[in-house]
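Below: the structure, in C-alpha cells.
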Protein chains: 2
Amino acid sequence: MTVTIKDIARLADVSYSTVSKALNDSPLVKPETKKRIIELAAQLGYQPNLAAKSLVSRRSMTVGVILPSLERVALSALVGRINDKLAERSYDVLLSTLPPASAVRLFHRLQMDGIVVFEDIAPEAKHNEPVPSDIPVLSIGVSQVNGAKYAMVDAKRKEAIKDAVHYLTRLGHRRIAYVGDHRDSDDKQQEKVAGFLEGAFECGLSSASALVLDSGGNTWKHGFDAGRRLLLNELPTAVITGTFDLTAGLLRAVQDGGLHVPDDLSLVSYDNVPQLAELDVPVTAVGPPVDLYAEHIADTLLAIMSSDEAARRTVLLESRIEERDSCRKI
Amino acid sequence: MTVTIKDIARLADVSYSTVSKALNDSPLVKPETKKRIIELAAQLGYQPNLAAKSLVSRRSMTVGVILPSLERVALSALVGRINDKLAERSYDVLLSTLPPASAVRLFHRLQMDGIVVFEDIAPEAKHNEPVPSDIPVLSIGVSQVNGAKYAMVDAKRKEAIKDAVHYLTRLGHRRIAYVGDHRDSDDKQQEKVAGFLEGAFECGLSSASALVLDSGGNTWKHGFDAGRRLLLNELPTAVITGTFDLTAGLLRAVQDGGLHVPDDLSLVSYDNVPQLAELDVPVTAVGPPVDLYAEHIADTLLAIMSSDEAARRTVLLESRIEERDSCRKI
DNA sequence: GACTAAAATAACAACGTTGTTATTCATGAG
DNA sequence: CTCATGAATAACAACGTTGTTATTTTAGTC
C-alpha cells in the first residue's frame with residue numbers, strides 16, 4: 001500500500017489538510033510542525049500521487065514526446081536537452097514510440113499538459129482521426145498537411161545548407177557535393193537539397209560542379225557507403241552532409257580512402273550538435289545549435305500551454321555556423 | 001475544456017453514473033441508451049481521464065520502461081515487442097531516459113503499475129536512495145548488487161556464446177574469434193567473454209586459436225573497426241560477435257576487405273533478432289529470440305504486478321540457435 | 001387498476017490531493 | 001476575567017471516475 005498524506009496525518013497526529021500545506025511549504029502552518037511533517041514524509045518515502053494532484057489542479061505538469069526511435073544521434077541529443085529545459089520549469093517528460101495517433105490518444109488520457117511530435121507525418125494522417133483540439137501540440141518540422149494546424153518549431157534547413165555553400169565558396173571551393181537522404185517522402189531532406197542547389201546557383205557554380213549524392217538513409221552506414229561512392233569518381237574539394245550520422249560515416253570512409261580532412265577534402269555537416277567536435281576531425285556545423293533548438297521547443301511549448309487561446313505559432317530557427325577544423329582555404 | 005462523463009450526461013439527459021456504465025459496456029443499462037451514449041461520446045471525442053480512473057481503481061494500467069537510449073537496434077526492437085505484448089493485456093507503456101533514480105521517482109508519482117529497467121546499473125546505485133518497495137520493478141540483466149532485490153529476466157549469455165563455439169566447432173572450425181565490448185564495468189559483456197573462453201576450452205581449442213577482440217563499444221562503428229583490425233592479422237575461420245550492431249559493422253568491414261561470408265569467414269551473432277536476416281548475408285544468431293524475450297518480460301512483469309506478495313523471481317532465458325547463411329562447414 | 005418483481009436509472013461514497021472556509025487555541029487589552 | 005484578535009489547525013468541497021446502494025420506471029399478474 002502506497003503511503004498517502006492521510007497516513008502521514010495519522011502518524012503526525014494532525015489533519016491531512018495540514019500535511020498538505022506543510023508539504024507545500026505553506027506559511028499557514030507553524031514552522032515547527034512543518035518540519036516534523038516533512039521529516040516524517042521523507043522517512044516514509046512519501047511520493048505525492050500525481051493522479052490526485054492533476055485531478056484537482058487540472059494539470060499534470062507532464063509533457064509527452066512522440067518519436068520514431070532514438071536511433072539518430074542528433075535527435076537523441078535534442079530530446080535529452082528538451083528534457084533538461086522542461087525539468088527546469090518543473091515539468092516531467094515522458095516518451096512514447098507508438099504511432100502518433102495512438103500516442104496522442106494515450107497522452108490525452110494521461111492528461112498531459114502538452115505534446116511534442118517528432119514524427120515525419122502529422123498525427124492524424126494515418127487514420128484521419130483528428131487530434132483533440134484542447135491539448136497543445138507542438139510539432140517539430142512536420143510538413144503542415146492541412147494548413148498551420150499545430151504550433152511548430154522548425155529549422156531553416158534550406159538557409160542552413162545555403163550558408164554552408166556560401167561559406168565553402170568564400171573559402172575558394174568551386175566543386176562541392178551534398179550528401180543526404182533523398183527520399184521523396186521526407187520534405188525535411190528535400191529542403192536541404194533545395195538549399196544546396198539554390199546556394200550553388202547563387203554562388204555561380206555550374207551544375208556539373210554541384211553534385212547531389214543520395215545516401216538513401218540517414219545512418220552512419222549510409223554515410224559510409226556514400227563516402228565510398230564519392231571516392232570512385234572525381235573528387236569534389238568539399239562535401240556537405242545532411243545529418244550527424246551521415247557525417248560520421250562519410251568521414252570514416254574518406255579517411256579510409258587515404259584522404260585527409262581538411263587537407264584533401266573539406267567537410268561541413270548539418271545538425272549543429274557538440275558531438276561533431278568529438279569526431280576524429282572536429283567538423284564544422286550548420287543548423288540551429290541544439291541548445292537553442294531545445295530551448296525554443298521548450299519555450300514554445302510552454303507558451304502554447306499557458307495561453308489557452310492557443311498561440312498557434314510557427315517558429316523558424318536561424319542556422320548558425322559553428323566553425324571547427326574540417327574546412328580549409330584553397 | 002476537456003469533455004468529461006458529466007458533459008456527456010448533461011447532453012444525453014441521463015445521470016453521469018449511467019454514462020460511466022454505458023461506456024464500460026455494463027449490462028445494467030438499456031442497450032438503446034447505451035448505444036446513444038457511446039455514439040455521443042465518440043462524437044465529442046471523449047477520452048477517459050486516466051488520473052481519475054487510476055485514483056479510484058488504484059491502478060493506472062500503465063507501465064514505465066527506463067532505458068539509457070534506443071541507439072542499439074536489438075534494444076529498440078525488444079522495447080517495441082514489449083510494448084505490443086503489454087498492449088495485448090491492455091497496458092500502456094511509457095518510456096523515460098532519465099537516470100534510473102529520477103525515472104523511478106517519476107513513475108512512482110505517476111502511479112505506474114510496474115517498471116522495467118534496462119539500465120546497466122541498479123536504480124539505487126547512484127544516490128543510494130532505495131526504490132520504494134511497493135512498486136514492482138523488473139530489471140533486465142542488471143548485476144544484482146545487493147542480493148536478488150528485484151525480479152529479473154535475463155539471458156543465458158554465457159550459454160549462448162558457448163553454444164556458438166560448439167556449433168562452429170562441430171562445423172569444423174578450429175580457429176575462432178570473439179568480438180565484443182570488453183569494459184570491466186559491464187557484467188553482461190563479461191559474461192559473453194567468459195562463455196567464449198569456456199566454450200573454447202570445452203572444445204579443446206588452444207588459447208592461441210581462441211582470440212578475444214575488444215571492440216571497445218557496441219555500435220556499428222565499433223564493429224567495423226574491429227573487423228578492420230581482424231583483417232590485419234592472421235584470420236580466424238569464424239567469428240562470434242557480441243551484439244547485432246557489432247555484427248553489422250564487422251560484416252561490412254570484412255566484405256570490404258574482399259572476404260566472402262561464409263566462404264572465407266563464418267559468422268555467428270549474439271542478439272537473436274530478425275534484423276540479422278536482413279543484412280547482406282543473413283547471419284546465424286544465438287541468444288533468446290527477441291519475441292520470447294519480450295514475452296517473458298511482459299509475463300514476468302504481469303506476474304509480479306498481480307501478486308502483491310511480490311514473487312521476486314529470476315527468469316533465465318535459454319539461448320536458441322537460429323541458423324542462417326553465414327556459416328559453412330570446413 | 002392496484003401490487004409486485006424486475007429493469008433501468010439516479011444518487012452517493014470513495015480514491016488522494018488542493019484551496020477555501022470553519023473551528024479551536026493562545027495571547028494580550030480592557 | 002472576559003473578549004477581541006490573530007495564529008494554528010481542522011473540516012469540507014471539489015476534481016472525474018467506478019462500484020454500491022437507493023429510487024424510479026416498466027411490465028406483468030390477478
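Any value given below was found using the heavy atoms of this structure, including those in side chains, with hydrogens, waters and symmetry copies removed. A note on names: the letters A, B, ... follow the listed sequences, proteins ahead of strands, and every chain is numbered from 1.
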Is there a residue in residues 30-41 of chain A whose heavy atoms reach under 4.0 Å of DNA chain D, and which residues are they? A:Lys30, A:Thr33
Nucleotide N/O of nucleotides 11-14 of chain D paired with protein N/O under 3.5 Å:
| from | atom 1 | to | atom 2 | distance (Å) |
| --- | --- | --- | --- | --- |
| D:dA11 | N7 | A:Ser17 | OG | 3.2 |
| D:dA11 | N6 | A:Ser17 | OG | 3.3 |

Between the two ends of the helix from C:dG1-D:dC30 to C:dG30-D:dC1, what is the bend in degrees, rounded to 10 degrees, where each end axis spans five pairs? 70°
Verify the contact: side-chain N or O of A:Ser20 to OP1 or OP2 of C:dT17, cut-off strictly under 4.0 Å; return yes or no. no
The salt bridge (charged side-chain N to carboxylate O under 4.0 Å, His left out) partners of A:Arg36 (sequence neighbours excluded) come to none
Of B:Asp271, B:Ile140, B:Ile82, B:Asn272, which meets side-chain contact (heavy atoms from CB on, under 4.5 Å) against B:Tyr293? B:Ile140
Name all residues meeting the salt bridge (charged side-chain N to carboxylate O under 4.0 Å, His left out) criterion together with B:Asp84; count only those two or more places apart in sequence or in a different chain, and write none if there are none. none
If the condition is side-chain contact (heavy atoms from CB on, under 4.5 Å), which residues does A:Tyr46 pass it with, not counting sequence neighbours? A:Val3, A:Ile5, A:Ile8, A:Leu23, A:Ala41, A:Pro48
To the nearest angstrom, the CG-P distance between B:Asn49 and C:dG16 comes to 16 Å
First of A:Leu55 and B:Val29 reached from the 5' end of DNA chain C, by closest nucleotide: B:Val29
Under the rule for side-chain contact (heavy atoms from CB on, under 4.5 Å), what residues qualify as partners of B:Ser102, not counting sequence neighbours? B:Leu98, B:Pro99, B:Arg105
Whole angstrom value for the distance that separates P of C:dA10 from NZ of B:Lys6: 15 Å
Those residues at least two apart in sequence (or on a different chain) that pass salt bridge (charged side-chain N to carboxylate O under 4.0 Å, His left out) with B:Lys156 are B:Glu318
B:Leu28 or B:Ala52: which one's nearest nucleotide on DNA chain D is closer to the 5' end? B:Ala52
Would you mind reporting whether A:Leu110 and B:Leu94 have side-chain heavy atoms less than 4.5 Å apart? yes
Phosphate-side-chain proximity, A:Asn24 and C:dT18, N/O vs OP1/OP2 below 4.0 Å: yes
Salt bridge (charged side-chain N to carboxylate O under 4.0 Å, His left out) pairs touching residues 15-31 of chain A, sequence neighbours excluded, are A:Asp25-A:Lys34
Considering residues at least two apart in sequence or located in another chain, which fulfil the salt bridge (charged side-chain N to carboxylate O under 4.0 Å, His left out) criterion with B:Asp299? B:Arg89
For A:Arg59, enumerate each residue passing the side-chain contact (heavy atoms from CB on, under 4.5 Å) test, keeping only those at least two apart in sequence or located in another chain. A:Ser57, A:Met61, A:Tyr91, A:Asp113
Would you say a side-chain N or O of B:Arg58 is under 4.0 Å from OP1 or OP2 of C:dG16? yes
In chain order, what residues pass the side-chain contact (heavy atoms from CB on, under 4.5 Å) check against B:Leu55, with sequence neighbours excluded? A:Asn49, A:Ala52, A:Leu55
